[in-house]
There are 2 protein chains.
Amino acid sequence: MHPQTAVRSDPIRRPAVPVRSASLAWDGAIDTEVLDQTMQLMGAMMGYPRNSEIFGENEPADYLYKVVSGSVRTYKILNDGRRQIGGFYLPGDIFGLEFADEHTLSAEAIADAKILVIKRSTLNALAGRDASVARQLFALTGRELGRVQDRIMLLIKSAQERVASFLLEMAARVSGGNSIELPMSRQDIADYLGLTIETVSRTLTSLECSATIEVPSSRRIVLRNRLALSRMNG
Amino acid sequence: MHPQTAVRSDPIRRPAVPVRSASLAWDGAIDTEVLDQTMQLMGAMMGYPRNSEIFGENEPADYLYKVVSGSVRTYKILNDGRRQIGGFYLPGDIFGLEFADEHTLSAEAIADAKILVIKRSTLNALAGRDASVARQLFALTGRELGRVQDRIMLLIKSAQERVASFLLEMAARVSGGNSIELPMSRQDIADYLGLTIETVSRTLTSLECSATIEVPSSRRIVLRNRLALSRMNG
DNA sequence: CGACCATTTGATATGGATCAAGCGATGTGG
DNA sequence: CCACATCGCTTGATCCATATCAAATGGTCG
């Protein structure tokens, strides 16, 4: 299933916008407003069923994607068969930004997902005319870089620290207060954190025993003691 | 020691350049030619003795740096005292590109280093006028992102795989054929790979026993069997 | 109900960390 | 020029966190 085959309302030409000459600031405040609008107007809405592939490693990276509903994982299968998850993308998140011609990771829907898809070439051309689009693409990349760097710090820590960080990260992103509804399986979490599913499970159990969290159902986790989790963090 | 105190030849104003309207392509071929020229013309050359700090975590990120000679490590000290090295930068490499107002890592000279320093605001303004500068900054970021993502794949692998990958990476970057002169200590390597110094040492010894590498002196390593190293890679 | 899949729990193995000692290069002072 | 201190690296012995192997439990759907 590929974007070019999408049935959608005709692309609406973005109304001629004066070329903004704002500098390509690589600083601070990230709002992706203009980018979001652009994707709304010029993108195609696609549906991907649970576990379906959105793009595969080594396929040409011709599109940029924005999660509207559902969630997405990017991953890579290593030659020994292990799977490393590159990241999770929740509603509102943008993924598929690549700097080579081909994707270096594959992407799959974790749950049935609606995804806004826009041609890279379209966005690319637009970025040339509208500096705010360029700036937002740049900011997006910077944010992604920051996230990945944080992951590196994570991956040298203990299992408890990794799980604690993961929970705090998720709590911040899904933001339902202290109660998190996890879209992904234990295996996904394990492959994200570089642990085994058993270790993730045991660690959660242990956090539950110490009254740091509650696990009313396997996909739902309630943070009872954020401070304790933060202290584990590093 | 801070860039503003540098003694240097007066900054030469870059000759007025027509605003290039090339699009902000986020694809392919990375040459940093224009960026390099700009830094040559408008940057200040600074000297940093071995082990001196270039910038510290949480300091304002007001400059971009390019290694002319010597080499640099970026790192972060975790709350348990461990040090994680973010990256090594060799002559020709650019570092210090941040997306927050403050540095998230510290940087130190590994060996006496000459470094070209340019104000972020200068470059920023220039990027607004010259799309090729903007494009190169963007490409640079993309390359950094790629590198960091590769590190993540590395950090879930075995000690042998990590060391093998490190050697291949270094061989590609210092590029003296099969003979590598390492600028960094075993401790640096260990902190880069998320291992202990003992494990790094043992792994090198083991690779030497299997005739995969030679270690004529502790800082010099000769790759005898690249294929074997690649196979360990993943 | 029964099959299936995800998750948890239990028992054991192991890779790399930790603790400790030895070695070799480099530099310093007598 | 040589004894000696220092520092970075290697080697050895042991320990422990997490992986691995195996089984039990629980939840979901036909």
Side-chain angles (χ1 to χ4, degrees), chain A residues 49-51 73 78 80-85 108 110-112 154-167 180-210 213-221 232 234, chain B residues 50-51 73 78 80-85 108 110-111 154-167 180-210 213-221 232 234:
Chain A
R50 182 173 133 83
N51 290 329
R73 62 179 166 247
L78 304 179
D80 62 357
R82 267 176 313 172
R83 180 184 68 161
Q84 171 65 22
I85 287 197
E108 281 176 358
I110 293 178
D112 293 356
L154 237 184
L155 288 178
I156 66 162
K157 298 199 244 168
S158 73
Q160 250 209 0
E161 291 170 315
R162 294 188 213 188
V163 171
S165 300
F166 173 75
L167 292 176
I180 318 171
E181 178 77 33
L182 295 174
M184 73 291 285
S185 71
R186 293 285 185 273
Q187 187 63 62
D188 288 335
I189 298 173
D191 291 347
Y192 180 69
L193 297 178
L195 298 170
T196 59
I197 183 175
E198 292 97 329
T199 299
V200 170
S201 180
R202 274 186 248 273
T203 304
L204 288 173
T205 302
S206 136
L207 288 173
E208 197 174 18
C209 288
S210 66
I213 63 173
E214 276 172 52
V215 188
S217 82
S218 81
R219 292 292 178 104
R220 173 160 297 281
I221 295 190
M232 291 173 196
Chain B
R50 183 172 131 83
N51 289 329
R73 61 178 167 247
L78 303 180
D80 62 356
R82 267 176 313 171
R83 180 184 66 161
Q84 171 65 22
I85 287 196
E108 282 177 357
I110 293 178
L154 235 184
L155 288 177
I156 67 163
K157 298 197 245 169
S158 73
Q160 251 212 0
E161 291 170 316
R162 296 187 212 189
V163 171
S165 299
F166 173 75
L167 292 176
I180 317 172
E181 179 75 33
L182 295 174
M184 72 292 285
S185 71
R186 293 284 185 273
Q187 188 63 61
D188 288 335
I189 299 173
D191 291 346
Y192 180 69
L193 298 179
L195 298 171
T196 59
I197 182 175
E198 293 96 330
T199 299
V200 171
S201 180
R202 274 186 248 272
T203 304
L204 288 173
T205 304
S206 137
L207 288 173
E208 196 173 19
C209 288
S210 65
I213 63 173
E214 275 173 53
V215 189
S217 84
S218 82
R219 293 291 178 104
R220 174 160 294 281
I221 295 189
M232 292 174 197

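We name chains A, B, ... by the order of the sequence lines, and we start the count at 1 in each one.
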Handout entry: Electrostatic pair Arg83(B):Asp191(B) at N-O distance under 4.0 angstrom
Key = yes
Exercise for the section: Might you point out which heavy atoms bring Leu195(A) and Arg162(A) nearest each other, and give the distance in Å? Expected result: CD2-NH1, 3.8 Å
Practice task
Given side chain to side chain contact (heavy atoms under 4.5 Å, CB included), test Glu198(B) with Ser201(B) step by step and report yes or no.
Solution key: CA-CA 5 Å; Glu198(B) 293 96 330; Ser201(B) 180; 5.7 Å; no
Practice task
Please report, rounded to the nearest Å, how far the C1' atom of dA17(D) is from the CD1 atom of Ile156(A).
Solution key: 16 Å
Problem - Closest listed nucleotide, where the reference is the side chain of Ile197(A) and the choices are dT18(D), dT10(D), dT7(C) - result: dT7(C)
Fill in the blank from the handout: In whole angstroms, the gap separating P of dT7(C) from CD of Gln187(A) amounts to 9 Å
Practice task
Check the side chains of Thr203(A) and Ser206(A) for a donor-acceptor pair under 3.5 angstrom, ignoring hydrogens and angles.
Solution key: no
Exercise for the section: Among dT18(D), dT7(C), dT18(C), find the nucleotide with the atom closest to the side chain of Leu195(A). Expected result: dT18(D)
Problem - Which nucleotide in dA17(C), dT20(D), dC9(D) has an atom nearest any side-chain atom of Glu198(A) - result: dT20(D)
Handout entry: Nearest to side-chain heavy atoms of Thr205(A), which nucleotide of dT9(C), dA17(C), dC9(D)
Key = dT9(C)
Practice task
Would you mind telling me which of dT8(C), dA17(C), dT10(D) lies closest to the side-chain atoms of Thr196(B)?
Solution key: dA17(C)
Exercise for the section: Counting heavy atoms from C-beta on, name the nucleotide in dG16(C), dT11(D), dA19(D) closest to the side chain of Thr199(A). Expected result: dA19(D)
Handout entry: Whole-Å gap separating C1' (dT18(C)) and CG (Asp80(B))
Key = 14 Å
Problem - Sugar-phosphate, base or nothing in reach of Ser217(B), heavy atoms under 4.0 Å - result: nothing
Handout entry: Separation of dA19(D) P from Lys157(B) NZ (nearest whole Å)
Key = 17 Å
Problem - Atom-to-atom span, CG of Leu182(A) to P of dA6(C) - whole angstrom - result: 16 Å
Completion exercise
note: Leu207(A), atom CG; dT8(C), atom C1'; distance rounded to Å ~ 15 Å
Problem - Separation of atom CZ in Arg50(B) from atom C1' in dC7(D), rounded to whole Å - result: 10 Å
Practice task
Check whether the side chains of Glu208(A) and Thr205(A) place a donor and an acceptor atom closer than 3.5 Å, and report yes or no.
Solution key: no
Handout entry: Touch class at under 4.0 angstrom, heavy-atom based, for Arg219(B) against every strand present
Key = sugar-phosphate
Handout entry: Residue Arg202(B), side-chain atoms from C-beta onward, closest of dT7(C), dT11(D), dC9(D)
Key = dT11(D)
Exercise for the section: Calculate the interatomic distance between Asn51(A) atom CG and dA6(C) atom P; express it in whole Å. Expected result: 9 Å
Practice task
Ignoring backbone atoms, test whether Ser218(A) places a side-chain nitrogen or oxygen under 4.0 Å from the OP1 or OP2 oxygen of dA6(C).
Solution key: no
